[in-house]
Amino acid sequence: MYESTDLRFRLADDRVQELLMGEELYGDPALAIRELYQNALDACRYRDARTAYLRATSPGYATPWTGSITFVQGVEGGRAYIECTDDGVGMGERELREVFSHAGMRFADLPEYVEELAKWRSQGIDMHPNSRFGIGVLSYFMIADDIRVTTCRLDREGHPGQRLRVDIAGPGALFRIQDLGRGHGAGTTVRLYLRDPANAPSAKELLRRLLWVSDFRVRAEDVREGADGDPLVWLPGELSEAAPLGTTDPFGGTAVRDHDAAVVETSDRAVWWCGSMGAVLADGLWCGEPYFGAVVNLAGAKAPSLTVDRKRCLSFDVGHVHGVLTRQIPALLGAEGAVLSPEWLTRLMHHTSAELADAVLAQAIDADYQPWGVHHHVGAVAAIGCFAPDTLLFEAQATNSWPTPRRLEDHSRLTEWRVLAWAKAGAYPGVSVTSPDEVLVAQPLDYTLLVPSRWAPQADTPLNISSPRLYNSLQILQSTLTAARDHGITPAAAAQRLQELGFRLHPAITLPDSASPEDIDVLEALDEGLDEPFKAGQAVPPSAVLSIARRLRCRPEEAAARLGAFGMRLPRWFRVPDSLEQEDIAVVRRCGSTATMPLAGVIQAAQSTGRRPSELVTRLEALGGTMPLLSIDIDTVDEVDLRLMSSDLDGSPPWLAVEAPVPWGHVLLAAERLGRRPQAIAERLTGLGFQCTAPSSTVQERRSQDLLILSEHGDSSRPWVDAERVSVSQAILAATRSGLMAEEVIARWRELGVPVPEDLALPSLAHPDDTLLLSRDLDRKEPWLNTGQPVALGHVLTAATMAGRPPHDVRDRLAALGYHLPSATPLPVEAHPADARLLSVPHVTRRIWLTPDQPTTLAHIVHAAATTGLTPPEVAARLVELGFTLPPGVAFDPVPAPRPHRSSGGPV
């Protein structure tokens, strides 16, 4: 049974008015000025459409009209005001009563307007209102106490009606309407008497920041005492010279235009290309939608959807924007050098789409666009393509005759590709690419693929290539999916391009058909959960799987399944738990792909979780893992034991290997640091499961030089001398550091249990140059050459130059010290002064010598040529003479035959 009552929802008029005119809804009282402009704009558009219709249907109607809006801020009679005047359609008493005073009512809802609009459209005339009369008018009271409106309506025949003046003393006050007689011209003036002049916004300043394009002439002036008296003027359909290009928030009071902001006009009066951050505008006004590289004014049916306060864009037709920009690419190309560059095009791709950037590049190639290049070097865009980091990969000095790589040890594959592209463009004298079609043309998307989006630069930050790069399959997979997600391409297409660039996914990896945010979340969680770089084809560490489950708040089985969808597998020994316990990640973190947990790992896990080691072993076994058998109670293992088990005696990884004997140097250093006897240290390590055999009892007493001669680098720390490190040179160097004779070093090694070969023979006499020859950096200091590796030809020739000795003499001395050159290395009679640079790759901390087992790179050749003063063909010829192979696919002009050199003993 229901009872009818007179109850219904009602609105509290005063509270609603307070909301509509308060800062809670609009957030910023300065937006009242924006509403003033939008209402004036609609009035002018209304009159423009009515005038166009009268001219089309009434041949005798010829009243001139162009439309204008004027803002003045000043003081009159002691009262501060902001005034907006337009010569638009104006208002009559009906519009004042039914629209202006009626909150939420729009003039577009009036039957008169709907009828008139239908007639306009019959003549091909349309209008799209942008403002909301009523709500916007109430917002005036955010800054004003009183409002005065003076208006005159243009009737449908094009004649001005009665001139009215309306005084409104507040949002709840009655309108006082006064008829001022017949008007001579239509239009409206709205004057706001400011409530708080000291804190009132500047109309001129606000319009400077927010009004970028106007349909009609706009003038803003501040006539207050002490104000900047120069007015701002907007011309119809032109991008304002004051528009703050380069900013992402013109609402900020300090937003100014970039001093070097470049603008390219187009044939579309709603589109401009620019060299910095532009915007998508709504009816010429900033709407919170920055857009790199262009300003696009959307109006009419294509106007963006905005929030109530018009400060933020909810949505806009992205396809339409890309379409109008694509049609205006010829204008961009026509302004040679004004805006378009590789770096600009890369930023455009980052902030818009790969499709638009590709379209620009394709048309640039077709038009052979110039200038195009890096620094002061230019070349054909069809050869170089678009790879903005060229500015970072190549030197900027104007003294270089050709694009010279900055550093060769970083980004080697990337640098070689770019050098080949420049060679294809003919940048290097005497160098040609034999198969130019095989050198990939760089695309804007390439930078995003090689530097994933989470490391990509913002509009106002420099491009970089120092971010994490694609070192393993996980990073390649992450880059593939993020590029696919961000730029609207398929993962397969992104992976194909990466493969062309030399970064191939492991065959075991399975790509999804599309890139979902969930997939990327899983990969990011996996990356964070890994302690070591991931290698596709190997099992995913169990700790990483459990880390994914914890971060994504899913069951471990679900995490394993999501990895399985990528073709990744878990170790066979690992039993995926039904639920994740707090200590699980710590328990399995140090197992890796094997089921065995090192004792040190268990102790560390116990310390981090607060659990007893035996409890963690039980949980480890439940997860499928094991631990080596011990002869001691695991719960008695303490922090001192943890230090003993660490290779650096600091209680942290790396750990001693259980399967290998503990070096006696480790035992001696532990004894010294812990104040214990070496025998006690050895016994404890044995109890902890390590192989540790003490030397004979006759050498239990330590000598002061023992740690020095047992340390490969002579710093009393690891790496320790073992069977692989025993050599004549190591004995000589140990003798130099310890003050012993080399024979005494070898004898002491044998006493300490170091496996010294019986046939190890010392040279008869030491030579003053020995330390020079044996030092890796040819500075007579550590580190020293490794006896297990061949000595680079560059080291031999540079040492010969520094010592003033023939190359064969240096080679023979190194051979006496237990070293050798790579087989079949031709040794010249004499070294050239430039050989050191020709045969080494510059490095931040040391030289890296070229090896003949790999072809040299074109990047190395042009860099060496730039630093030695030789030409690239001369560098190539010398490298061939020294037994090195030139890069494939590259031809060098012949050079005059060098003076014949006799071979020193033939190949070594």
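None of the values given here were measured: they were computed from a predicted structure. When a residue number appears, it is its place in the shown sequence, counting from 1.
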Participant: Contact between Thr415 and Arg418 at the side-chain level, heavy atoms closer than 4.5 Å - yes or no?
Facilitator: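 Not in contact.
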Participant: Just checking, is any N or O donor in the side chain of Ser646 or Asp648 under 3.5 Å from an acceptor N or O on the other one?
Facilitator: no
Participant: Sort out for me which residue in Ile476, Thr480, Leu498 forms a side chain to side chain contact (heavy atoms under 4.5 Å, CB included) with Leu449.
Facilitator: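 Exactly one option meets the side chain to side chain contact (heavy atoms under 4.5 Å, CB included) with Leu449, and it is Leu498.
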Participant: Give, for atom CH2 of Trp849 and atom CG of Leu839, the distance between the pair rounded to the nearest 0.5 Å.
Facilitator: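 Answer for the CH2-CG pair, Trp849 versus Leu839, is 7.0 Å.
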Participant: Can you confirm whether the side chains of Thr482 and Asp486 place a donor and an acceptor under 3.5 Å from each other?
Facilitator: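 Thr482 vs Asp486: no donor-acceptor pair found between side chains.
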Participant: So, for Leu333 and Gln363, which heavy atoms are closest and what is the spacing to 0.1 Å?
Facilitator: CD1-O, 3.6 Å
Participant: Under the criterion salt bridge (charged side-chain N to carboxylate O under 4.0 Å, His left out), I'd like the reasoning laid out for Arg497 against Glu500: C-alpha separation, chi angles, the key distance, then a yes or no.
Facilitator: CA-CA 5 Å; Arg497 182 60 182 177; Glu500 293 170 353; 3.1 Å; yes
Participant: Kindly confirm or rule out a cation-pi arrangement of Arg413 over Phe503, judged by NZ or CZ under 6.0 Å from the six-membered ring centre and within 45° of its axis?
Facilitator: yes
Participant: Mind running salt bridge (charged side-chain N to carboxylate O under 4.0 Å, His left out) on Arg347 and Glu343 for me, showing each step along the way?
Facilitator: CA-CA 6 Å; Arg347 293 185 186 280; Glu343 182 169 343; 2.9 Å; yes
Participant: For Asp650 and Ser652, which I'm curious about, is there any donor-acceptor pair between the side chains at under 3.5 Å?
Facilitator: yes
Participant: Quick one: which of Arg813, Arg805, Arg811 gives a salt bridge (charged side-chain N to carboxylate O under 4.0 Å, His left out) with Asp809?
Facilitator: Arg805
Participant: Hey, does Leu707 have a side-chain heavy atom less than 4.5 Å from the side chain of Leu669?
Facilitator: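 Answer yes - side chains close enough.
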Participant: Can you tell me which residue among Thr871, Val419, Val875, Val890 is in a side chain to side chain contact (heavy atoms under 4.5 Å, CB included) with Ile861?
Facilitator: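 Going through the options one by one, the only one that passes is Val875.
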Participant: Tell me if a side-chain donor or acceptor on Thr825 pairs with a main-chain N or O of Leu821 at a distance below 3.5 Å.
Facilitator: no
Participant: Is it the case that the side chains of His350 and Thr448 hold a donor-acceptor pair, with the cut-off being a distance below 3.5 Å and no angle test?
Facilitator: yes
Participant: Going through the checks in order, is the side chain to side chain contact (heavy atoms under 4.5 Å, CB included) test met by Trp372 and Leu340?
Facilitator: CA-CA 9 Å; Trp372 193 261; Leu340 181 57; 3.8 Å; yes
Participant: Distance-only criterion, 3.5 Å: show the donor-acceptor pairs between side-chain atoms of residues 794-801 and protein atoms not counting sequence neighbours.
Facilitator:
from   : atom 1 : to     : atom 2 : distance (Å)
His795 : NE2    : Leu773 : O      : 2.8
Thr798 : OG1    : Gly794 : O      : 2.7
Thr801 : OG1    : Leu797 : O      : 3.1

Participant: Is the distance between the ring centroids of Phe394 and His377 under 6.0 Å?
Facilitator: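 Not under 6.0 Å, so no.
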Participant: Please list, chain by chain and in numerical order, all residues satisfying ring-ring contact (aromatic ring centres under 6.0 Å, His included) with Trp417, sequence neighbours excluded.
Facilitator: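 By the ring-ring contact (aromatic ring centres under 6.0 Å, His included) rule, Trp417 matches Phe387.
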Participant: Between Lys424 and Asp437, is there a side-chain N and carboxylate O pair less than 4.0 Å apart?
Facilitator: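 Answer for the salt bridge query: no.
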Participant: Closest approach of Ala735 and Ala742, non-hydrogen atoms and distance?
Facilitator: CB-N, 3.7 Å
Participant: So does Gln496 get a backbone contact from the side chain of Gln499, meaning a donor-acceptor N/O pair under 3.5 Å?
Facilitator: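 Here the side-chain-to-backbone pair does not exist.
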